[in-house]
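Keep in mind the model is a prediction, meaning the values are calculated, not measured.
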Amino acid sequence: MQELTEANPWAVPEDWFKTDTITVKGRIEAYNAEQFGFTSMECYFEDVFEKDDATLVLDIADDGTFCKKFQASYPVCQTFYTMESKVGFSEMPFYARPGETIDITVRKDDNGRYVCVYNNGSSRDVERWLRTSGSITDVLIPLSRCKGKFDEANTLADKVWQNAMYCLQTVSRREHYTPMEMHLALADMQTSFAESYMSYAMNREFALMKQEVRDGAYHTEILDSVEWQKLFDYKNYYQLRRIDFDNPLLFVSSDYSHLLNRMQFAQPVRIGKYKDIEDENGGVVANVENEKKELAGGYTALKELMGSEHDNLMAQLCAYKDMLSGFNYWRNNEDVIPRILADTTKTVAEREESVASMRTPSNMMPLYLSTFAHPYVHQKAEQFYAHKMAQTELSSPLPDGLMADLIRHLCEKYPGKYLLIDFWGMGCGPCRSAIQSSKDKRAEIAKRDDVKLIFIAEERTAEGSEAYHKYIDEWLADEVNICLTYDGFARMQELFHFNGIPHYETITPDGRRVRDDLQLQGFYNFDYELTRLKERLK
């Protein structure tokens with residue numbers, strides 16, 4: 001890899017990290033909606049600096065033209081795709097830097113196959129890589145699908161890495177990659193390799209556990225204690241030493257957000273965070289001092305996992321994502337500060353000390369910011385904090401649009417009630433688990449006159465499959481069920497800014513979306529969360 005890098009000198013632009021709008025526009029020649037089978041395409045894009053995901057829906061006009069604008073914090077290589085094509089054309093990859101407009105023409109080539117012609121910008125500069133990158137990263141698939149033991153996976157990883165390097169060299173010579181394309185291809189390969197490797201580790205963890213519900217509680221049995229311990233041993237993850245986790249080009253890969261998630265929640269990292277602060281029962285006291293230890297433990301674990309001597313860019317981003325996920329909890333803690341300060345059973349000094357130890361935005365943000373040595377990570381964290389604290393409204397109106405109209409119609413159908421919307425799918429195990437475990441609780445909720453539960457599922461057709469209806473009859477009978485096509489569900493994802501499911505949204509009786517830190521998060525703490533929300537909205 002070092003030889004390929006040195007043989008293709010190319011410098012990363014100084015403005016690599018910046019936030020701006022990307023525009024993807026163009027035309028599908030000879031487009032006919034009925035003939036092609038689709039009128040829109042989707043892109044599941046996650047900007048790692050944003051708290052919410054960003055499903056993008058690209059509408060195609062009757063004349064085949066399209067135009068989509070979205071914001072990005074760094075250059076991206078993404079794909080608009082459809083699962084409904086009747087003509088063999090289903091994917092439109094592109095590469096763009098923030099601030100760019102990419103113009104694409106989709107037409108048939110001399111062999112009658114649909115191809116993307118890039119008329120300008122960065123996509124045109126790397127069109128050879130866009131056309132052939134899949135043939136390189138596909139070589140890595142066996143690693144993520146490995147079912148063997150950790151030692152066997154590491155042996156396979158060596159072979160897969162060598163095969164990917166050979167494939168990259170072969171393809172790059174055949175296609176005459178430019179130095180920029182070579183550097184992007186190397187970065188993409190590293191990211192995809194690491195993501196496949198960590199996905200193996202995650203899947204291995206699940207395979208070694210047998211879980212079942214008994215007496216209303218989850219019970220876990222470890223099937224192989226020797227293999228289980230290997231998940232916690234940093235030495236077993238030596239394949240990650242191949243990756244330069246400080247390389248900003250890694251962000252280009254569409255696998256980067258998945259890799260970041262795998263690193264953030266890797267078993268050694270989770271254990272490393274809490275090993276010095278858990279009590280004998282595995283509990284942790286929630287205060288600033290323990291959060292400081294947790295943050296330091298996470299950085300130490302990540303360095304050991306990646307074989308790094310410093311808090312590299314990937315490690316800082318893992319902490320950044322922890323900051324994003326913890327922020328709403330910190331903000332909610334502010335609600336109890338007035339009660340603490342008014343507690344006359346304690347001295348003024350004791351009250352002030354108690355407030356100073358609470359995990360609130362004002363206490364936690366300086367702690368996290370002090371660890372963000374990378375200037376762009378630090379800048380984005382400051383911007384996130386300023387944006388969140390500027391949100392004074394507790395709910396916001398829904399925009400115009402077909403899916404928003406559907407939500408407004410539901411509000412009219414159930415006047416005076418809050419709506420808790422559960423977005424789910426038949427292919428989502430956690431979705432079904434949440435539905436099945438909450439059946440008794442939902443029976444209690446159904447008796448209330450202030451809230452209505454709505455279940456919106458994704459299916460190929462609006463009528464739903466036979467399996468879907470069988471499941472509804474068993475677990476969601478007599479509840480409000482709505483079935484959306486892939487396209488309709490994607491538009492809901494774009495409206496509410498989510499990719500993963502289950503996902504919950506709370507709508508006020510007057511049809512406004514509740515701010516994310518006040519949303520009802522399913523059914524586990526339903527009564528408390530709804531009471532808190534109603535008190536805040538008085």
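When side chains are defined from C-beta on, Val12 counts as touching Leu249, because their heavy atoms get closer than 4.5 Å. Contact of the Asn120 side chain with the Asp103 side chain is registered, since non-hydrogen atoms from C-beta on lie closer than 4.5 Å. Looking at heavy atoms from C-beta onward, Leu223 lies out of side-chain contact with Met209 at the 4.5 angstrom threshold.
Classification of Arg262 and Asp255 as a salt-bridged pair fails, no side-chain N sitting under 4.0 Å from a carboxylate O. A salt bridge is defined here as a Lys NZ or Arg NE, NH1 or NH2 lying under 4.0 Å from an Asp or Glu carboxylate O, and Asp151 with Lys149 fails to meet this definition. Salt-bridge formation is not detected for the pair Arg491/Glu458: no Lys NZ or Arg NE/NH1/NH2 atom is positioned less than 4.0 Å from an Asp or Glu carboxylate oxygen. Ion pairing between Asp516 and Lys388 holds under the 4.0 Å rule for side-chain N and carboxylate O. Here Asp322 pairs with Lys273 in a salt bridge; the nearest charged N to carboxylate O distance falls below 4.0 Å. Remark: Arg97 does not engage Asp20 in a salt bridge, criterion side-chain N to carboxylate O under 4.0 Å.
Scanning all heavy atoms of the two residues, the minimum distance from Asn119 to Thr105 falls at ND2-OG1, 3.0 Å. Considering all non-hydrogen atoms of both residues, Phe489 and Leu484 come closest at N-CB, 3.9 Å. Asn312 and Met306 make their closest contact through OD1-CE, 3.4 Å (heavy atoms, listed as atom of the first residue, atom of the second, distance). Taking each heavy atom of Met426 and Ala467 in turn, the nearest pair found is CE-O, 3.6 Å. The minimum heavy-atom distance linking Arg270 with Phe265 is given by the pair NE-O, 2.8 Å. Of all heavy-atom pairs spanning Pro268 and Leu305, the tightest one is CG-CD1, 4.2 Å.
No donor-acceptor distance shorter than 3.5 angstrom exists from the side chain of Asn111 to the backbone of Arg113, with no hydrogens or angles considered. Within the 3.5 Å criterion, the main-chain N or O of Ala373 finds a donor-acceptor partner in the side chain of Gln316.
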*Candidate pair Thr5 and Leu186, rule side chain to side chain contact (heavy atoms under 4.5 Å, CB included), full reasoning*: CA-CA 8 Å; Thr5 300; Leu186 281 167; 3.7 Å; yes
*Can you list the steps and then say if Glu100 with Thr23 is a side chain to side chain donor-acceptor pair (under 3.5 Å)?*
CA-CA 6 Å; Glu100 273 195 304; Thr23 302; over 6 Å; no
*List the steps and the verdict of side chain to side chain donor-acceptor pair (under 3.5 Å) for Thr65 and Asp63.*
CA-CA 6 Å; Thr65 58; Asp63 62 355; 2.7 Å; yes
_As a quick check of understanding, evaluate side chain to side chain contact (heavy atoms under 4.5 Å, CB included) for Thr79 and Cys43, giving each step before the final call._
CA-CA 6 Å; Thr79 300; Cys43 174; over 6 Å; no
*Please step through side chain to side chain contact (heavy atoms under 4.5 Å, CB included) for the pair Leu367 and Glu291, ending with a clear verdict.*
CA-CA 9 Å; Leu367 176 62; Glu291 184 85 13; 4.1 Å; yes
*Mind running side chain to side chain donor-acceptor pair (under 3.5 Å) on His310 and Asp246 for me, showing each step along the way?*
CA-CA 10 Å; His310 67 286; Asp246 274 317; 2.6 Å; yes
*Quick one: do Glu127 and Arg124 satisfy salt bridge (charged side-chain N to carboxylate O under 4.0 Å, His left out)? Show the steps, please.*
CA-CA 5 Å; Glu127 60 182 341; Arg124 184 173 182 176; 5.3 Å; no
*How far apart are the C-alpha atoms of Lys51 and Lys321, what are their side-chain angles, what is the distance that settles it, and do they pass the side chain to side chain contact (heavy atoms under 4.5 Å, CB included) test?*
CA-CA 8 Å; Lys51 184 176 184 296; Lys321 298 299 276 189; over 6 Å; no
*So Gln239 and Asp158, side chain to side chain donor-acceptor pair (under 3.5 Å) or not? Walk me through it.*
CA-CA 8 Å; Gln239 295 289 348; Asp158 286 329; 2.9 Å; yes
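Classified by interplanar angle (parallel below 30°, tilted 30° to 60°, perpendicular above 60°), the ring pair Tyr197/Phe193 is parallel. Between Tyr471 and Trp424, the two ring planes are tilted [angle within 30° to 60°]. Relative ring orientation between Tyr256 and Phe251 is described as parallel, the plane-to-plane angle staying below 30° on a 0-90° scale split at 30° and 60°.
Glu195 and Ser199 share a donor-acceptor pair across their side chains, judged by distance under 3.5 Å alone. Looking at Tyr200 and Glu205, their side chains never bring a donor and an acceptor atom within 3.5 Å of each other. Thr19 and Gln71 are not linked by any side-chain donor-acceptor pair at a separation below 3.5 angstrom, with hydrogens and angles left out of the test. Checked by atom type, the side-chain pair Lys18/Ser73 shows no donor-acceptor distance below 3.5 Å.
Aromatic ring centroids of Phe423 and Tyr504 lie 6.0 Å or more apart. For Phe232 and Tyr237, the gap between ring centers reaches or exceeds 6.0 Å. You'll find the ring centres of Phe372 and His378 outside the 6.0 Å limit. Between Phe150 and Trp228, the distance from one ring center to the other does not fall under 6.0 angstrom.
Within a 6.0 Å radius of NE2 in His258, no more than 12 heavy atoms belonging to other residues, nucleotides or ligands are found. More than 12 heavy atoms of other residues, nucleotides or ligands lie within 6.0 Å of NZ in Lys303, so this atom counts as buried by the packing criterion. Within 6.0 Å of OH in Tyr166 there are 12 or fewer heavy atoms belonging to other residues, nucleotides or ligands.
Applying the ring pair (Phe, Tyr, Trp, His ring centres under 6.0 Å) test between Tyr376 and each of Tyr74, Tyr320, Phe49, Trp16 identifies Phe49 as the sole match. Of the listed residues (Leu184, Thr191, Thr137), just one forms a side-chain contact (heavy atoms from CB on, under 4.5 Å) with Ser253, and that residue is Thr191.
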Under 3.5 Å, which donor-acceptor pairs do the side chains of residues 80-96 form with other protein atoms, sequence neighbours left out?
residue, atom, partner, partner atom, Å
Thr82, OG1, Glu84, N, 3.1
Glu84, OE2, Arg460, NH1, 3.2
Ser85, OG, Val87, N, 3.2
Ser85, OG, Phe89, O, 2.7

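Within the structure, every pair that satisfies the salt bridge (charged side-chain N to carboxylate O under 4.0 Å, His left out) test and touches residues 181-192, not counting sequence neighbours, is listed here: Arg128-Glu181.
For the atom pair CG of Asn247 and CZ of Phe245, the computed distance is 11.0 Å after rounding to the nearest 0.5 Å. The structure places CD of Gln264 at 10.5 Å from CE of Met314, a figure rounded to the nearest 0.5 Å. Summarising the geometry, atom CD belonging to Glu278 is positioned 10.0 Å from atom CD belonging to Glu294; distances are rounded to the nearest 0.5 Å. Separating the CD1 atom in Ile456 from the CD1 atom in Ile501 is a distance of 12.0 Å, to the nearest 0.5 Å. Here OG1 of Thr132 is found 9.0 Å from CG of Leu168. Values are rounded to the nearest 0.5 Å. Taking NZ from Lys380 and CZ from Phe17, the interatomic distance works out to 11.0 Å, rounded to the nearest 0.5 Å.
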